[in-house]
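Working notes for the structure below.
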Amino acid sequence: KNEVEQSPQNLTAQEGEFITINCSYSVGISALHWLQQHPGGGIVSLFMLSSGKKKHGRLIATINIQEKHSSLHITASHPRDSAVYICAVPPEYSGGGADGLTFGKGTHLIIQP
Amino acid sequence: GAVVSQHPSWVICKSGTSVKIECRSLDFQATTMFWYRQFPKQSLMLMATSNEGSKATYEQGVEKDKFLINHASLTLSTLTVTSAHPEDSSFYICSAPTGGASMQYFGPGTRLTVT
């Protein structure tokens with residue numbers, strides 16, 4: 001079973017700061033998911049990536065498959081970015097999205113105005 | 001993007017009763033849906049994979065006779081918590097993949113409280 005580790009567990013920053021959240025996993029995978037969970041519990045898929053880098057607005061996700069590591073960056077952070085950010089991976093035999101995921105414990109991010 | 005709905009969003013029930021939670025894909029067909037559970041301050045854990053037209057597959061440690069899953073159509077999966085107990089109180093969330101090996105879309109979740 002894949003072990004998914006995230007760091008930091010908690011992060012408080014000031015508005016405008018550049019944020020980095022890290023994720024490492026133990027078993028090789030074909031793709032990794034970054035998710036955002038709001039205080040009410042709802043989950044939004046941010047990225048699924050299998051190599052290199054993806055960018056969406058102020059969010060950037062990178063992955064290094066060889067090093068089994070991914071990072072999520074937020075540029076010009078804003079209080080509305082406050083949420084729990086979770087990385088998740090499919091089983092090692094999986095092609096990507098059509099399998100149940102194993103989740104990290106999440107990073108609780110608070111952006112103060 | 002694709003939309004997945006869940007109903008109800010929250011439910012309180014008495015110990016010993018059964019509760020049904022629905023997960024619907026609103027604008028796409030899902031032959032597979034996933035059911036996850038999240039206890040307070042813990043990560044989501046996969047409970048089972050719901051397969052349209054066949055039996056669900058359960059993760060180790062999840063009682064299939066307690067958590068009944070029915071994938072009635074290509075847009076609906078239901079999870080029934082039978083004879084619920086307070087330890088079943090949790091946040092239950094479903095997801096569905098779409099477009100082959102691509103994104104998973106999550107429902108908004110159902111918060112179950114068993115008293």
Side-chain angles (χ1 to χ4, degrees), chain A residues 1-10 21 23-26 29-51 54 56-57 59 61 65 83-108, chain B residues 1-6 8-10 21 23 28-52 56-62 69 77 89-113:
Chain A
K1 187 178 179 211
N2 220 331
E3 300 293 328
V4 181
E5 299 287 337
Q6 281 188 241
S7 64
Q9 190 173 347
N10 298 285
I21 298 170
C23 176
S24 61
Y25 48 93
S26 59
I29 55 168
S30 56
L32 178 144
H33 298 251
W34 280 103
L35 312 167
Q36 181 190 54
Q37 185 171 29
H38 290 282
I43 291 179
V44 175
S45 291
L46 299 175
F47 297 102
M48 188 183 91
L49 67 165
S50 55
S51 65
K54 284 190 175 180
H56 185 259
L59 300 177
I65 291 290
V84 177
Y85 293 84
I86 305 169
C87 69
V89 299
E92 61 175 309
Y93 54 80
S94 167
D99 289 282
L101 302 175
T102 298
F103 297 81
K105 291 185 177 180
T107 295
H108 292 71
Chain B
V3 177
V4 174
S5 71
Q6 273 184 249
S9 56
W10 60 270
I21 302 170
C23 177
F28 66 100
Q29 293 182 332
T31 55
T32 300
M33 291 184 177
F34 302 105
W35 286 97
Y36 299 93
R37 179 169 54 182
Q38 184 178 36
F39 292 108
K41 299 193 185 299
Q42 296 190 22
S43 58
L44 290 98
M45 296 289 288
L46 178 65
M47 296 177 67
T49 302
S50 174
N51 303 296
E52 191 270 336
T57 55
Y58 292 81
E59 295 300 300
Q60 192 173 6
V62 178
I69 291 173
S77 174
S89 299
S90 187
F91 186 65
Y92 292 86
I93 193 164
C94 67
S95 76
T98 182
S102 61
M103 302 286 276
Q104 285 202 22
Y105 294 92
F106 289 82
T110 297
R111 193 162 300 281
L112 170 64
T113 302

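Below, chains carry the letters A, B, ... as their sequence lines are ordered, and counting in each starts from 1. Atom set for the values below is all heavy atoms of this structure, side chains included, hydrogens, waters and symmetry mates excluded.
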>> Within the supplied structure, the quantity of interest is the number of heavy atoms (other residues, nucleotides, ligands) at a distance under 6.0 Å from A/Q9 CD; does it exceed 12?
In response: no

>> How long is the straight-line distance from CD of B/Q104 back to CD1 of A/I43, given to the nearest 0.5 Å?
In response: 10.0 Å

>> Within the 4.5 Å heavy-atom criterion, are A/L101 and B/Y36 side-chain neighbours or not?
In response: yes

> By a 4.5 Å heavy-atom criterion (distance strictly below it), what part of A/L46 contacts chain B: side chain, backbone, both, or neither?
Replying inline: backbone

>> To check you understand the geometry: which heavy-atom pair defines the closest contact between A/L35 and B/F106, and what is its length?
In response: CD2-CE1, 3.7 Å

>> With a 4.5 angstrom heavy-atom cut-off, is it the side chain or the backbone of B/I93 that approaches chain A, or both, or neither?
In response: side chain

> Where do A/G104 and B/S43 come nearest, in terms of heavy atoms and distance?
Replying inline: O-CB, 3.2 Å

>> Taking side chain as everything from C-beta outward and backbone as N, CA, C, O, which of these in B/Q6 sits under 4.5 Å from a heavy atom of chain A? Side chain, backbone, both or neither.
In response: neither

>> Quick check: closest heavy atoms across B/R111 and A/G40, and the distance to 0.1 Å?
In response: NH2-O, 4.0 Å

> Is it true that a side-chain atom of A/S45 and a backbone atom of B/Y105 form a donor plus acceptor pair closer than 3.5 Å?
Replying inline: no

